[in-house]
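Here's the structure we're looking at; comments come further down.
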Amino acid sequence: MYSDLHNKALTSTRFSELNPPLSDLVLQALSHSGFNFCTPVQAATIPLLCTYKDVIVDAATGSGKTVAFVIPLVEILRRSSSNPKPHQVLGVIISPTRELSSQIYQVAQPFISTLSNGKLMLLVGGVDVKTDMMKIKEEERQPL
Ligand SMILES: Nc1ncnc2c1ncn2[C@@H]1O[C@H](COP(=O)(O)OP(=O)(O)OP(=O)(O)O)[C@@H](O)[C@H]1O
C-alpha cells in the first residue's frame, strides 16, 4: 500500500495549509504517521467534506481515499456540540470486503483515537450479531 503511494505524486499542499484548517490533534496524528503533504484526492476533497458538501470520489487504489474521508469525519465529530447518548453510534463506514474493512480500520485508528469520546470498532460479516452488540454495550465510548 505505502509503496503504491510512493509511485504517485503527492501535491505541494500541506495538510497544515488546508482551509478550513484541521485541528491540532489531527495535524499531530498526520505528522506522526509521516503524512505532511496531501495526495491529489485528499487536497481536492478534505476542504469540501469539512464544509459539509456531499462528495463522490473515483480514484485509484492507494491514492489516499481512506484518509480523505476519515479526517473530515473526525473534524466534524469534534465540532459537534451535542452530547451523544451512551453507546450512540457516531458514524458508520461501510466497505464491501473484510480485507478492505480491516485496511480502513488500520489507517483510521490514529485519527479516530484523537476523539476523546469515540472508539473505532471493526464489525465484519460471519460473526454472531449478538457478539457485536455485546461489544458495543461493553464499550464506554461512542462506537464508530
Ligand atoms: N498524504 C499521505 N502521505 C503519505 N502516505 C499516505 C498519505 N495518505 C495515505 N497514505 C498511505 O498510503 C496508503 C494508501 O492509502 P489509502 O489506504 O487511504 O488509499 P485508498 O485510496 O483508500 O486505497 P484503497 O482503494 O485500496 O482503499 C496507506 O498506507 C496510507 O497510510
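Side chains included, hydrogens not; waters and symmetry mates left out as well; all remaining heavy atoms used.
Rounding to the nearest 0.5 Å gives a distance of 11.5 Å between CD1 of Ile93 and CG of Leu123. Put simply, CZ on Arg79 and SG on Cys50 are 5.5 Å apart, with the number rounded to the nearest 0.5 Å. Residue Leu115 holds its CG atom at 6.0 Å from CG of Leu77, rounded to the nearest 0.5 Å. With values rounded to the nearest 0.5 angstrom, Gln103 atom CD is found 15.0 Å from Arg98 atom CZ. Put simply, CD1 on Ile76 and CG on Leu49 are 7.0 Å apart, with the number rounded to the nearest 0.5 Å. In this structure, CD1 in Ile71 is found 5.0 Å from CZ in Phe15, a value given to the nearest 0.5 Å.
Remark: side-chain polar atoms of Thr51 are paired, donor with acceptor, to backbone N or O of Pro47 under 3.5 angstrom.
Ser31 pairs by the side-chain hydrogen bond (donor to acceptor under 3.5 Å, both in side chains) definition with nothing, not counting sequence neighbours. The side-chain contact (heavy atoms from CB on, under 4.5 Å) search around Ala59 returns Val41, Val57, Ser63, Lys65, not counting sequence neighbours. Under the side-chain contact (heavy atoms from CB on, under 4.5 Å) criterion, Thr131 pairs with Val127, Asp128, sequence neighbours left out. Among residues two or more places apart in sequence or in another chain, the side-chain contact (heavy atoms from CB on, under 4.5 Å) test is passed with Thr11 by Thr13, Cys38, Pro40, Ala43.
Ile56 is not connected to Ile46 by any chain of hydrophobic side-chain contacts under 4.5 Å among Ile, Leu, Val, Met, Phe, Trp and Tyr, and they are in different clusters. Val124 and Leu120 fall within the same hydrophobic cluster, defined by Ile, Leu, Val, Met, Phe, Trp and Tyr side-chain heavy atoms under 4.5 Å apart, directly or through other members.
The side chain to side chain donor-acceptor pair (under 3.5 Å) analysis of residues 14-25, with sequence neighbours excluded, yields the pairs Ser23-Glu75, Ser23-Arg78.
Minimum interatomic distance between Met121 and Tyr105 (heavy atoms only, all atoms of both residues): C-CE1, 4.1 Å.
Taking 4.5 Å as the limit, some side-chain heavy atom of Ile104 sits within range of a side-chain heavy atom of Phe69. With contacts defined as side-chain heavy-atom distances shorter than 4.5 Å, the pair Ser101/Leu122 qualifies. Side chains of Ile112 and Val74 form a contact here, defined as non-hydrogen atoms less than 4.5 Å apart. Taking the side chain as every heavy atom from C-beta outward, Phe111 and Leu25 never approach each other to under 4.5 Å.
Using a 4.5 Å cut-off between side-chain heavy atoms of Ile, Leu, Val, Met, Phe, Trp and Tyr, Met133 falls into a hydrophobic cluster with Val129.
Considering Val107, Thr39, Thr45 as possible partners of Val67, the one that fulfils the side-chain contact (heavy atoms from CB on, under 4.5 Å) test is Val107.
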